[in-house]
Protein chains: 2
Amino acid sequence: MRVVDVERVRGLPLFCGVSEETFGAVTAGAFLQKFPAGTTLLHEGDPVDFLYVLLDGLVELEGTWNDKETTLAVLRPVSTFIFAAVALDADALMSARTVERSDILMLSGEALRRAMQTDPRFSYAATLELAGCYRGLVRSLKNQKLRGGAERLANYLITQRVRQGGAETFTLPHEKRLLASLLGMTPENLSRAFATLTGYGVVINGPEVTIARPVVLERLAKPDPLIDNHQPPSGTPIGQAEQELWPASRAG
Amino acid sequence: MRVVDVERVRGLPLFCGVSEETFGAVTAGAFLQKFPAGTTLLHEGDPVDFLYVLLDGLVELEGTWNDKETTLAVLRPVSTFIFAAVALDADALMSARTVERSDILMLSGEALRRAMQTDPRFSYAATLELAGCYRGLVRSLKNQKLRGGAERLANYLITQRVRQGGAETFTLPHEKRLLASLLGMTPENLSRAFATLTGYGVVINGPEVTIARPVVLERLAKPDPLIDNHQPPSGTPIGQAEQELWPASRAG
DNA sequence: CGATCCTTTGAGAACCTTCAAAACCGGTGG
DNA sequence: CCACCGGTTTTGAAGGTTCTCAAAGGATCG
């Protein structure tokens with residue numbers, strides 16, 4: 001593992017105030033691995049032996065039932081994921097799969113659980129991390145239950161614009177197929193939702209999106225600080241599944 | 001506060017391995033209050049000063065957007081709620097309201113945050129608590145995104161049957177109006193969903209439900225351990241919003 | 001007993017899904 | 001360079017589900 005990568009892991013909120021000793025103990029048996037796109041890192045229902053840290057690439061967390069799939073979060077660097085299962089030493093409730101070629105660091109769950117019982121600053125950081133992740137999911141659930149498809153998309157676009165710097169036009173961070181699953185609809189429906197937003201000053205050009213009249217779009221979207229998290233979480237490095245979990249910025 | 005109540009709080013997973021000293025510090029400034037039904041304890045967006053512990057009664061957690069409401073969890077004793085917001089000293093993402101007359105213990109958020117930084121066993125317990133709550137929400141989100149209305153209801157009924165002892169007939173724990181909101185549908189639609197389940201051996205008699213042919217109902221419901229949590233969480237006392245958060249048994 | 005709220009039922013509209021097919025895009029191999 | 005292939009994206013039409021509006025019947029509470 002390169003020094004740069006160590007720095008990035010160290011900079012995660014989860015390891016922020018932690019002693020050098022604890023950090024060493026946790027990263028000692030760690031290994032960095034490169035995966036091609038489309039690799040399933042972890043399958044729903046499997047026991048979880050490692051905490052994953054995405055250092056480069058793009059990872060999707062998904063859930064399955066009755067031959068249907070849905071995306072619960074899309075993560076980008078630097079993010080940790082499935083920390084909750086690791087903390088409880090429980091089976092995974094969601095699968096993790098790479099969307100692009102990814103560099104992933106794997107930390108021993110055993111070592112992490114030991115560290116949590118040893119280092120109070122670490123378990124405190126873990127609490128804050130999971131609290132943030134919990135709130136991210138509350139946002140997701142509200143988004144899902146309270147808004148219709150077009151409204152979810154509109155808010156997603158507004159959030160993306162802000163996160164990418166606020167320019168009038170920006171690029172979708174991944175395939176629309178995946179976005180549809182994240183927003184809880186079919187690809188066909190997402191396409192139609194985009195068509196609907198055309199009437200609200202949104203111009204689509206492949207993966208390029210332009211919000212020509214933000215005020216008009218916001219009148220439809222009605223963004224809400226209690227659902228949408230426009231700011232990336234603490235500092236530059238992101239915590240857990242928060243990032244694009246979507247409306248949430250923390251998913252842990 | 002009665003001794004019985006202290007015992008019950010003490011028995012929560014959150015305070016399980018905690019030192020007598022920490023427990024004392026946290027409960028020192030606590031006060032027990034009785035609220036009538038329909039009281040809003042906490043409003044979405046408000047700062048959160050206390051951790052709430054439901055000792056008796058029934059509490060609903062709800063989210064709002066654009067004049068619409070949805071129920072995110074229904075809690076019964078003994079449960080704590082809005083722990084995540086307390087841990088982060090953040091504004092509430094959901095409102096809390098009593099459904100029935102309730103006895104509620106309020107613990108100082110400030111004291112809890114101090115305790116988490118002092119007592120490693122407490123912050124470890126807090127981590128486990130929040131991890132469980134997080135997983136409860138993952139279950140809820142999967143339930144919501146992957147299943148249709150009738151399927152959600154069918155699984156809810158199966159879960160209730162198990163939790164209430166497994167008898168052929170049992171009683172809905174609250175109004176159908178509230179159940180509809182919890183399951184993410186309108187009351188009208190819930191009524192129709194019940195009518196649909198009639199064809200699968202479910203007999204409705206006001207609040208009384210009997211599952212005459214469990215096998216038939218399960219063929220429709222397809223219950224899944226990665227979504228539905230039939231067992232109440234750890235031990236008798238329940239942690240956070242877990243309990244009926246619904247499919248989850250722990251809600252963070 | 002009246003008022004209020006919950007529950008159920010009906011009808012129409014809006015939304016979403018499915019199935020199907022065509023256009024598009026990015027690669028590979030000739 | 002070009003044809004081909006697999007995948008995504010778009011569009012259309014039909015069908016199902018869910019929502020809204022409306023009204024009637026029940027239950028509860030003062």
Side-chain angles (χ1 to χ4, degrees), chain A residues 36-38 58 60 65-71 74 97-101 143-154 156-157 171-200 202-209 220, chain B residues 36-38 58 60 65-71 74 97-101 143-154 171-200 202-209 220:
Chain A
L58 208 61
E60 170 195 15
W65 180 77
N66 197 28
D67 295 322
K68 283 198 274 267
E69 288 185 1
T70 191
T71 301
V74 177
R97 129 164 58 168
T98 57
V99 174
E100 304 175 349
R101 181 167 39 76
N143 189 47
Q144 190 65 38
K145 290 181 75 175
L146 291 168
R147 308 218 260 226
E151 292 159 344
R152 291 198 295 274
L153 175 58
Y156 174 85
L157 295 180
T171 306
L172 295 174
H174 46 66
E175 281 176 341
K176 289 178 182 166
R177 179 175 181 44
L178 183 55
L179 177 57
S181 180
L182 183 65
L183 295 179
M185 47 179 123
T186 59
E188 297 95 317
N189 232 333
L190 174 63
S191 187
R192 285 185 259 267
F194 269 121
T196 300
L197 295 192
T198 285
Y200 295 82
V202 175
V203 182
I204 313 297
N205 202 308
E208 305 273 296
V209 178
L220 168 70
Chain B
L58 207 60
E60 171 196 14
W65 180 77
N66 198 27
D67 296 322
K68 284 198 274 266
E69 288 186 1
T70 192
T71 301
V74 176
R97 127 167 59 170
T98 57
V99 174
E100 304 175 349
R101 180 168 39 76
N143 189 46
Q144 189 66 37
K145 289 181 77 175
L146 290 167
R147 307 217 260 226
E151 292 158 344
R152 291 198 295 274
L153 176 58
T171 306
L172 295 175
H174 45 67
E175 281 176 341
K176 289 177 182 165
R177 179 176 181 41
L178 182 55
L179 177 57
S181 180
L182 183 65
L183 296 180
M185 48 179 125
T186 59
E188 296 96 318
N189 233 331
L190 175 63
S191 187
R192 286 185 259 265
F194 269 121
T196 300
L197 295 192
T198 286
Y200 295 83
V202 175
V203 182
I204 313 296
N205 202 310
E208 305 273 296
V209 178
L220 168 70

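When reading the values below, keep in mind they use all heavy atoms of this one structure, side chains included, and skip hydrogens, waters and symmetry mates. Quick note on labels: first sequence line is chain A, next is B, and so on, each numbered from 1.
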Nearest-Å distance for atom pair [atom1]/[atom2], residues [X] and [N]:
{"X": "A:Phe194", "N": "D:dT10", "atom1": "CZ", "atom2": "C1'", "result": "12 Å"}
{"X": "A:Arg192", "N": "D:dA14", "atom1": "CZ", "atom2": "P", "result": "13 Å"}
{"X": "A:His174", "N": "D:dT9", "atom1": "NE2", "atom2": "P", "result": "11 Å"}
{"X": "B:Leu190", "N": "D:dC19", "atom1": "CG", "atom2": "P", "result": "11 Å"}
{"X": "A:Arg147", "N": "D:dC19", "atom1": "CZ", "atom2": "P", "result": "17 Å"}
{"X": "A:Ile204", "N": "D:dT9", "atom1": "CD1", "atom2": "P", "result": "12 Å"}
{"X": "B:Met185", "N": "D:dT20", "atom1": "CE", "atom2": "C1'", "result": "17 Å"}

**OP:** Grab the two heavy atoms, one from A:Glu208 and one from A:Thr171, that are nearest each other, plus how far apart they are.
**Re:** OE2-OG1, 2.9 Å

**OP:** Determine the minimum heavy-atom distance between A:Leu58 and A:His174, stating which atoms define it.
**Re:** CD2-CB, 4.0 Å

Original post:
Distance from A:Glu60 atom CD to A:Glu175 atom CD, nearest 0.5 Å?
Top reply: 10.0 Å

Original post:
If you measure from CG on B:Asn143 to CH2 on A:Trp65, what distance do you get to the nearest 0.5 Å?
Top reply: 8.5 Å

**OP:** Would you grab the first and last nucleotide of DNA chain C (5' to 3') that comes under 4.0 Å of any non-hydrogen atom in chain B?
**Re:** C:dC6 to C:dA11

Subject >> Nearest-nucleotide comparison on DNA chain C, the residue closer to the 5′ end among A:Gly148 and A:Glu188 >> reply: A:Gly148

**OP:** Starting from the 5' end of DNA chain C, give me the residue, B:Asn189 or B:Glu175, whose nearest nucleotide shows up first.
**Re:** B:Glu175

Subject >> Flag if over 12 foreign heavy atoms under 6.0 Å of OH, B:Tyr200 >> reply: no

Original post:
Is the count of non-hydrogen atoms from other residues, nucleotides or ligands lying under 6.0 Å from A:Asn205 atom CG greater than 12?
Top reply: no

Original post:
So, is A:Ser191 near the phosphate of D:dT9, with a side-chain N or O under 4.0 Å from OP1 or OP2?
Top reply: no

**OP:** Mark yes or no for whether B:Lys145, through its side chain, and A:Thr71, through its backbone, hold a donor-acceptor pair below 3.5 Å.
**Re:** yes

Original post:
Checking all strands, does A:Gly149 fall into the base, sugar-phosphate, or nothing category for heavy-atom contacts under 4.0 angstrom?
Top reply: sugar-phosphate

